[in-house]
Amino acid sequence: MATQRTRKAKLSDGIIKQNPVLMSGLFAVPVIGAATSWETALAVCYMFSVITPISVGLCRLLPKKIAFAIRIVLYALIASLVYVPAVLTARLIFPVGLTEGISLYLAVIVTNPLILTKTESRFFLRTPFQMFKDMFGFVIGFDLACLLVGVIRDVLADNIVGHVIVPLSFQMPSMNTVSGGFIMVGVLAGLFRALYNKFGKKKVKRKF
């Protein structure tokens with residue numbers, strides 16, 4: 001336990017090595033269902049980036065004497081309370097109707113594994129500073145993966161990203177569906193893991 005508490009956190013763990021979408025697959029549901037464009041992907045990123053660190057920080061304040069099963073329920077309750085102001089501010093930031101259209105997937109964020117499982121198995125084993133550093137690596141990793149999926153689906157489905165037209169000779173409307181999201185995330189996860197196995201592991205071997 002002591003060694004785990006003093007171990008330094010690496011941002012690269014959450015961004016690359018254990019990316020929650022493309023490597024570990026811990027939390028791909030909102031990406032698959034809601035990240036159909038760069039705007040909806042940005043909304044998911046905003047909600048995830050606000051709810052997760054605030055919820056984990058508040059959950060850490062709970063007394064350790066509380067039974068584990070009850071603590072998990074409290075974690076979800078705290079995240080749900082954080083969700084309310086987060087979604088209200090999101091409605092002010094993003095275009096009218098955008099967050100309402102993906103509200104189901106945004107609500108799922110309160111049950112994400114960084115709050116319900118990583119807290120006990122990883123984050124709370126570190127000092128507060130190292131905990132937030134480690135957690136932000138996972139948040140950044142999720143956000144980058146979500147934006148990547150949203151932009152690619154935008155290009156393939158509508159040949160446009162924002163106001164920029166991408167001159168492709170074909171369109172794939174199926175990319176706007178959940179099944180299209182499964183396929184896209186699966187393909188990107190395979191490519192991401194292949195690149196990591198080819199280049200990431202070589203760097204680790206060189207250190208030894």
Student check: side-chain heavy atoms of [X] and [Y] closer than 4.5 Å:
X	Y	value
Pro63	Ile66	yes
Leu62	Ile78	yes
Glu39	Pro95	yes
Ile160	Val166	no
Leu188	Ile152	yes
Leu148	Val151	no
Tyr83	Met47	yes
Pro113	Leu116	no

In one Ile/Leu/Val/Met/Phe/Trp/Tyr side-chain cluster, 4.5 Å: [X], [Y]:
X	Y	result
Met172	Leu191	no
Leu104	Phe182	no
Val73	Val110	no
Val161	Phe170	yes
Leu156	Ile183	no

**Study point:** Over 12 foreign heavy atoms within 6.0 Å of CD1, Ile165
**Key:** no
Please report the closest heavy-atom contact between [X] and [Y], naming both atoms and the distance.
X	Y	result
Met175	Ala157	CB-CB, 4.1 Å
Pro53	Val50	CD-O, 3.8 Å
Lys64	Arg71	O-NH1, 3.4 Å
Leu58	Val82	CD1-CG2, 4.1 Å
Ile51	Ala79	CG2-O, 4.2 Å
Leu106	Ala43	CD2-O, 4.2 Å

Review point. Under the side chain to side chain contact (heavy atoms under 4.5 Å, CB included) criterion, do Arg122 and Asp13 qualify, and how do the steps go?
Key: CA-CA 12 Å; Arg122 185 180 180 107; Asp13 281 353; 3.1 Å; yes
Are the side chain of [X] and the backbone of [Y] linked by a donor-acceptor contact shorter than 3.5 Å?
X	Y	result
Asp154	Trp38	yes
Arg193	Met23	yes
Asn112	Leu114	yes
Asp143	Ser49	no
Ser55	Thr52	no

Point to revise | Side-chain donor-acceptor pair present, Tyr46, Thr89, cut-off under 3.5 Å | key: yes
Review point. How about Ser37 and Thr40: does a side-chain donor come under 3.5 Å of a side-chain acceptor?
Key: yes
Working to the nearest 0.5 angstrom, can you tell me the gap between [X] [atom1] and [Y] [atom2]?
X	Y	atom1	atom2	value
Ser174	Arg153	OG	CZ	9.5 Å
Phe27	Cys146	CZ	SG	10.0 Å
Thr127	Phe132	OG1	CZ	10.5 Å
Phe192	Asn19	CZ	CG	5.0 Å
Ile32	Ser179	CD1	OG	10.5 Å
Thr99	Ile102	OG1	CD1	7.0 Å

Check your understanding: Between Thr119 and Tyr75, does a side chain to side chain contact (heavy atoms under 4.5 Å, CB included) hold up when you go through it step by step?
Key -> CA-CA 9 Å; Thr119 47; Tyr75 294 165; 3.6 Å; yes
Practice item. Just do the side chain to side chain contact (heavy atoms under 4.5 Å, CB included) check on Phe124 and Lys118 with the steps written out, would you? Key: CA-CA 8 Å; Phe124 292 172; Lys118 287 289 185 181; over 6 Å; no
Point to revise | Charged N-O contact under 4.0 Å between Asp134 and Lys8 | key: no
Point to revise | Ring geometry between Phe123 and Phe138 (parallel below 30°, tilted from 30 to 60°, perpendicular above 60°) | key: perpendicular
